[in-house]
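We name chains A, B, ... by the order of the sequence lines, and we start the count at 1 in each one. Computed from a predicted model, the values in this text were never measured in an experiment.
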Protein chains: 2
Amino acid sequence: MSSRRATIADVAREAGVSASTASVVFSGKTPVSDATRRKVLDAASSLGYTGPDPLAASLRRGRSGIVGVVFQDHLGRVFLDPVVTHMMDGLADAVAPLGAGLLLLRDDPAAEASSEPSITTAPIDAAVLIGCSPRLRDQLDILAARGIPVVVIEGDAGPGVARIDLDNREAQREVAQHLRRLGHTDVVSLTLPADARRTAGWIRDDEDIVTDVTRIRLAGARDVFPEAKAFAATASSIDEGFAAGRAILAAGTPTAVIAQSDLLAAGMIRAAEEAGLRVPEDLSVTGFDGVTVDGLAPYELTTMAQPATDKGRAAGEAVAARMEGRDAASFRFTCTFRGGNTTAAPREPQASPHDAGNMSATARR
Amino acid sequence: MSSRRATIADVAREAGVSASTASVVFSGKTPVSDATRRKVLDAASSLGYTGPDPLAASLRRGRSGIVGVVFQDHLGRVFLDPVVTHMMDGLADAVAPLGAGLLLLRDDPAAEASSEPSITTAPIDAAVLIGCSPRLRDQLDILAARGIPVVVIEGDAGPGVARIDLDNREAQREVAQHLRRLGHTDVVSLTLPADARRTAGWIRDDEDIVTDVTRIRLAGARDVFPEAKAFAATASSIDEGFAAGRAILAAGTPTAVIAQSDLLAAGMIRAAEEAGLRVPEDLSVTGFDGVTVDGLAPYELTTMAQPATDKGRAAGEAVAARMEGRDAASFRFTCTFRGGNTTAAPREPQASPHDAGNMSATARR
DNA sequence: TTGTAAGCGTTATCAA
DNA sequence: TTGATAACGCTTACAA
């Protein structure tokens, strides 16, 4: 009835063996005689000893068996994004046989200051960075300094860092070409967040975009529509897509909107409906990701489907390689075009941008 | 250029101060003169020291700053369940200000054997158990023995354990009453897994059900339809609902199926369609959870919506209380009825169960 | 098969 | 404001 939790030393003493022997009984790393094992186990249960303290064991071993997953967004919001969900699925799969758990971390500068586990303080053996945070470089530096192997999903990791990527530019270009083939010329891009502060608004200079995915997908769109305007949303969600969609339509009605995510596209469609525009007759909308967006029926987005689960799995395998001291190969996945019912030929050829009148001006509230 | 990572002792030596002083510079727990601080910080950066090793610090402090989230299912699958997703959302929210990270754990007996972090070995300060695993009691014992505070979501935790619950029985009863009001008498329950092995099949004796949620929801259905048969699925998914649905229809066609989750309900509907039955004309189907099921359109389930996010948040708050030594209050949330288009009056009054012929017998392959 | 010894890198306590 | 000391609880060469 001591106030203090039993330790392996207590167990060893009770069993009449040495601490190392007791340790070995629990780890199983060395043969132990049955008699000894029984003595130790009996002593353990009589003392209420539940096995080695993981903290102490980790310290001694030098590894925690934990893989950090770093998101750029508020943790809560992250799970609501189907792409992330599928990636986690693949990641968990690939990391499990490794004997590692997943620790959810977020890239929040404010978190560094608090006591919250962050990239600087979490007891992780490896890290998977998801998304292309502007702070990515800092994070990589921190992790490199800590000697923690890293795999980056969708971000410019610099040389020597394993990355899991998508053919974002080619994929976005493909959708854009699809629109051009349909006859569109007056097109607007609705992009993912573009700057660190995630301000919404028209993008003045593509070079200002610090977020890789945003810039690269936009470049893909520009390969086909060099002059198209681009409006940055504050996040990839239906609501933000809706807000951005209103803003876009307030400035004029293009014949097509290239959204950088399916969720944004869904929001765009809602904004179009609100403005009295029919999709795809009055406005074509394309998405990106290939996730099923809840409640979007009867629309089926024309979009680029990305292998989200595979990306996660690849990241897990890369982490495994790194933790075993092997080199992790970078990998680039390919999106596939998926035609839906949200794109069609524009109603009439457009002589010049935005001369189709602004139907939305009256309809929006 | 030593091969070994610098420690705080190295930094202290380099700075010409004691280790404890150097430690204090990093923790900030004790005032340090500016001069000393600078010396230490300079020494640290010149040695590439990135701050205290979290493992060592944790060992010394006796806490890891990590909250374990224990799922009963395969981790990958877990994220695909919208209810869980929303719960995680709330949980992450509530736990963040606490300064704790979330470690994903799964309740897999096989995992115990492997090196994978599990409930017995993970370095966690508290645990949230999600779902009503048959092993719940064991887990609680293990955690109790380890002295780790616990909060249980949806499970019979026994006295003294904080629980976050739903009014499962009342909620399920409400849906059942809705069906009875429509005129249904020939009803089958399609339940969540009922036993530890998760075998699919007809439930012979409700007392055999070891899974709380399953038993309690079924009891709610039985309050209205005492004689209804019940078929247990092996998991809450559309696919399992589909398989169970086939099996149910193979045994006869009821006028309504009470599914214990929306996903199961969705699978049931697909099985009904496959058998040439129209929903709701030939078969009414009710769900549970109130999540939006992808691809179910144009159906909108008649279901009980549960406040999943709030449940997660409440759990996080309970964990916070526990970690601070306070008592955590249990909390019970209420579901709300949501009518959809998957229920209607039965086509004709049923004289006795299953005499409506077995249309499915021919249709199923 | 078991025991000895030497840390793993910190931080809390207390005294100076 | 700083320093000496003593844990924190475990694991693993290595020797017996």
Side-chain angles (χ1 to χ4, degrees), chain A residues 2-41 43-44 47-65 115 120-123 125 146-148, chain B residues 2-41 43-44 47-65 115 120-123 125 146-148:
Chain A
S2 86
S3 64
R4 154 186 142 293
R5 187 152 295 280
T7 72
I8 204 169
D10 300 326
V11 172
R13 194 177 315 114
E14 176 84 8
V17 301
S18 76
S20 57
T21 300
S23 170
V24 153
V25 166
F26 288 102
S27 75
K29 298 220 171 182
T30 306
V32 180
S33 76
D34 278 352
T36 306
R37 185 197 323 285
R38 175 158 303 287
K39 276 193 300 187
V40 171
L41 260 18
L47 290 176
Y49 180 77
T50 48
D53 177 331
L55 254 17
S58 290
L59 173 59
R60 177 61 232 240
R61 290 196 166 112
R63 27 171 270 104
S64 63
S115 61
T120 45
T121 62
D125 293 338
R146 282 186 67 188
I148 294 175
Chain B
S2 86
S3 63
R4 159 184 138 293
R5 187 150 294 281
T7 72
I8 205 168
D10 300 327
V11 172
R13 194 178 313 114
E14 175 84 8
V17 300
S18 75
S20 50
T21 300
S23 171
V24 152
V25 167
F26 288 101
S27 75
K29 298 216 170 180
T30 306
V32 181
S33 76
D34 278 352
T36 305
R37 183 196 324 285
R38 175 158 302 287
K39 275 193 301 185
V40 171
L41 260 19
L47 291 176
Y49 179 79
T50 49
D53 176 331
L55 252 18
S58 289
L59 172 60
R60 178 61 236 238
R61 291 195 165 113
R63 26 172 269 101
S64 64
S115 60
T120 44
T121 62
D125 293 338
R146 283 185 67 188
I148 293 175

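Separating the CZ atom of Arg38(B) from the P atom of dT1(D) is a distance of 16 Å, rounded to the nearest angstrom. The separation between Arg63(B) atom CZ and dG9(D) atom C1' is 18 Å, rounded to whole Å. For Arg37(B) and dT1(D), the CZ to P distance is 9 Å, given to the nearest whole Å. Atoms CG (Leu59(B)) and P (dG7(C)) sit 17 Å apart, rounded to a whole Å. Rounded to an integer number of Å, the gap from Lys39(A) NZ to dT1(C) P is 14 Å. Distance Arg13(A) CZ to dG9(D) P: 12 Å, rounded to the nearest Å. dG7(C) atom C1' lies 15 Å from atom CG of Leu55(B), rounded to whole Å.
Under the side-chain hydrogen bond (donor to acceptor under 3.5 Å, both in side chains) criterion, Asp125(B) pairs with Arg63(B), Ser64(B), sequence neighbours left out. Residues forming a side-chain hydrogen bond (donor to acceptor under 3.5 Å, both in side chains) with Ser18(A) (at least two apart in sequence, or on another chain): Ser20(A), Thr21(A).
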What are the atom names and distances for every N/O pair under 3.5 Å that joins the protein to nucleotides 10-12 of chain D?
from	atom 1	to	atom 2	distance (Å)
dC10(D)	OP1	Tyr49(A)	OH	2.4
dC10(D)	OP1	Asp53(A)	N	3.1
dC10(D)	OP2	Ile8(A)	N	2.4
dT11(D)	OP2	Ser23(A)	OG	2.8
dT11(D)	O2	Arg60(A)	NH1	2.1

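Separation of atoms CZ (Phe26(A)) and CD1 (Ile8(A)) is listed at 6.0 Å; rounding is to 0.5 Å. A distance of 6.5 Å separates CZ in Arg13(A) from OG1 in Thr7(A), rounded to the nearest 0.5 Å. The line from OG of Ser23(A) to CZ of Arg60(A) is 9.5 Å long, rounded to the nearest 0.5 Å.
Contact check, Thr30(B) against dT1(D): no side-chain N or O comes under 4.0 Å of OP1 or OP2.
A 4.5 Å side-chain heavy-atom check between Thr50(A) and Thr120(B) finds every atom pair outside the cut-off.
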